[in-house]
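In what follows, a single structure is set out as structure tokens and then discussed.
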2 protein chains.
Amino acid sequence: MLMQGKNAFEIAGYAREAVQPRTSPSRGSTPCQSLLALFQMSALETVPASKAVCWEGDSASHLFQVVEGVVRLQRIIGEGRRAITAFQYAGDVVGAFVQGEFPFTAEAVTECKIRRISRKTFLSEVTGSDVLRPEYIKLLCEETAAAHEQMVLLSKKNAEERLCSFLVELASRGGAPGQTGLLQVPMNRQDIADYLGMTIETVSRTISKLAARKIVVPEGRHNLRIICFSRLSRLCGNADAFHSENCHRMGIH
Amino acid sequence: MLMQGKNAFEIAGYAREAVQPRTSPSRGSTPCQSLLALFQMSALETVPASKAVCWEGDSASHLFQVVEGVVRLQRIIGEGRRAITAFQYAGDVVGAFVQGEFPFTAEAVTECKIRRISRKTFLSEVTGSDVLRPEYIKLLCEETAAAHEQMVLLSKKNAEERLCSFLVELASRGGAPGQTGLLQVPMNRQDIADYLGMTIETVSRTISKLAARKIVVPEGRHNLRIICFSRLSRLCGNADAFHSENCHRMGIH
DNA sequence: CGGCTCGTTGAAGAAAATCAACTCGAGTGG
DNA sequence: CCACTCGAGTTGATTTTCTTCAACGAGCCG
């Protein structure tokens, strides 16, 4: 329920490629220009924060597009343990890789605007289009690559590297923090913890330590001012941190 | 289609769906029956244990099929840290989800037999076939689902749950251990550790503890006799362990 | 046999989890 | 307006789990 007042969101850059210029539905003769245009024919739905978009185990009859807001994909494994396997931002498609049943529950982190499309329609449109098909494949590949990246993080990185990786990812996926370096963090500490395989306490302590080193400055619960993005990048624990494309000079050494 | 093989490999059940009945190459008029048949037109190559099949960062001009043996997909992240993101068994395709450059190095765990096909050929065959396309999509979805499963393991499971999950996965992917309960474990302790986000010492200790509880019995470095598969399943840390399809009575409670 | 790798086991240490207290803000209601 | 509560977050103290360091053992091959 945090920050949905139309603008705070955009300021932080989360409106990545939100609503596109209206095009006519592709049903019939007009071919779709892009995957996201497929969703344009369906109504915009509003999902309140922390309400589910779809449930683990349910038959995946639909796919969803996040138009605005942030969605988390999560799995519950006994005794109150929860793992968040991905966050989906404006422009992302939820369920692209799902066949049969959803292997996750998708919940709105913030209040969200979404569109849905039936899997049947989606697949027939995609398989019938030489434009959409490679785009769909590309999407699947990116998702899998992201999953592998996350596995590396969870396998081998320590608390600080995990958090820094998360912040860098958030800055690039949620939208660049921009000149001011103000990064909006829509998810709460528990979400971050469950995404990074840590506890809220460790997340909190790690942020405090970064703050003490003047790498970031917390401004309220949901904002972090990035003082030195290049240092943040170098703390991600990637072998090639120094040559990272994220690292092209941000002014501060 | 499993087990036509005749050797030590088959005994352990790793010949999942290895070599198929010879079909003529699909180039030209004869359509392929399945994704794996696509590889039939190319020569069988032998890769010695611990030699690379492809390298991280290299342009992914080819895809590979594992015909026999086990391959590990790994990433190195500075200072000698290695993460194994997946093992690929006989019948699996390596690089299905890759576009552009390989995000991993693929290395033979055991001596392997592989076939390769150019990405260009693969994609043109797949996109041109109504049989192959859904099969390809299914493959991508399964890979992503497996990646999510692994993320849950790495996020939330303790050493024992990780190891038990691995053994159950190995039993189902590498082939059922069968009546005798003898499970072949082709990878060494370091491979297992890097796959599960642990150290070799912790892997070793965890196996010893399972052995002390008479759940498994190590027989040499690369064999484990599963005494009680249902107990192993229940130790995986999945919420639904009791109702798992792996759990249909194996005799022992 | 000696030298090697791989695996196991023990002891010590470190990182993160757990448990617990406390702060901060927002909302509620007197 | 202020006291109160409630949830989220922070911080400290303690414990647990796993890692690290080190020694040792088993199998293998020259």
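All chains are named by letter (A, B, ...) in the order of the sequence lines, taking the proteins before the strands, and each is independently numbered beginning at 1.
- Each of D:dG9, D:dC18, C:dC6 was ranked by its minimum atom distance to the side chain of B:Ala159; first place goes to D:dC18.
- Sequence order on DNA chain C of the closest nucleotides to A:Glu160 and B:Thr202 puts B:Thr202 first from the 5' end.
- Taking atom CD1 on B:Ile207 and atom P on C:dG7, their separation rounds to 9 Å, with Å as the unit.
- The residue A:Gly220 sits apart from the nucleic acid: no heavy atom pair falls under 4.0 Å.
- Between the NE2 atom of A:His222 and the C1' atom of D:dG7 there is a distance of 12 Å, rounded to whole Å.
- The separation between B:Asp194 atom CG and C:dG7 atom C1' is 15 Å, rounded to whole Å.
- Phosphate contact (OP1/OP2 of D:dT20, side-chain N/O of B:Thr199, threshold under 4.0 Å): absent.
- Checking the phosphate oxygens (OP1, OP2) of D:dG9, no side-chain nitrogen or oxygen of A:Ser204 falls inside 4.0 Å.
- Comparing C:dA17, D:dA8, D:dT19 by their closest approach to the side chain of A:Arg221 singles out D:dA8.
- Salt-bridge formation is not detected for the pair B:Glu160/B:Arg205: no Lys NZ or Arg NE/NH1/NH2 atom is positioned less than 4.0 Å from an Asp or Glu carboxylate oxygen.
- Contact annotation: B:Ser208 reaches the phosphate of C:dT9 (side-chain N/O to OP1 or OP2, under 4.0 Å).
- What separates CZ of B:Arg205 from C1' of D:dT17 is a distance of 11 Å, to the nearest Å.
- Comparing C:dA17, D:dC18, C:dG7 against the side chain of A:Met198 picks out C:dA17 as the nearest.
- The interatomic distance linking A:Glu201 (CD) with D:dT14 (P) rounds to 16 Å, in whole Å.
- Inter-residue side-chain proximity for B:Gln190 and B:Arg82 is flagged as met; some heavy-atom pair is nearer than 4.5 Å.
- Atoms CD (A:Gln190) and P (D:dG9) sit 9 Å apart, rounded to a whole Å.
- Atom CD1 in A:Ile200 sits about 14 Å away from atom P in D:dG7, given to the nearest Å.
- Between B:Glu219 atom CD and D:dG27 atom P the separation is 14 Å, expressed in whole Å.
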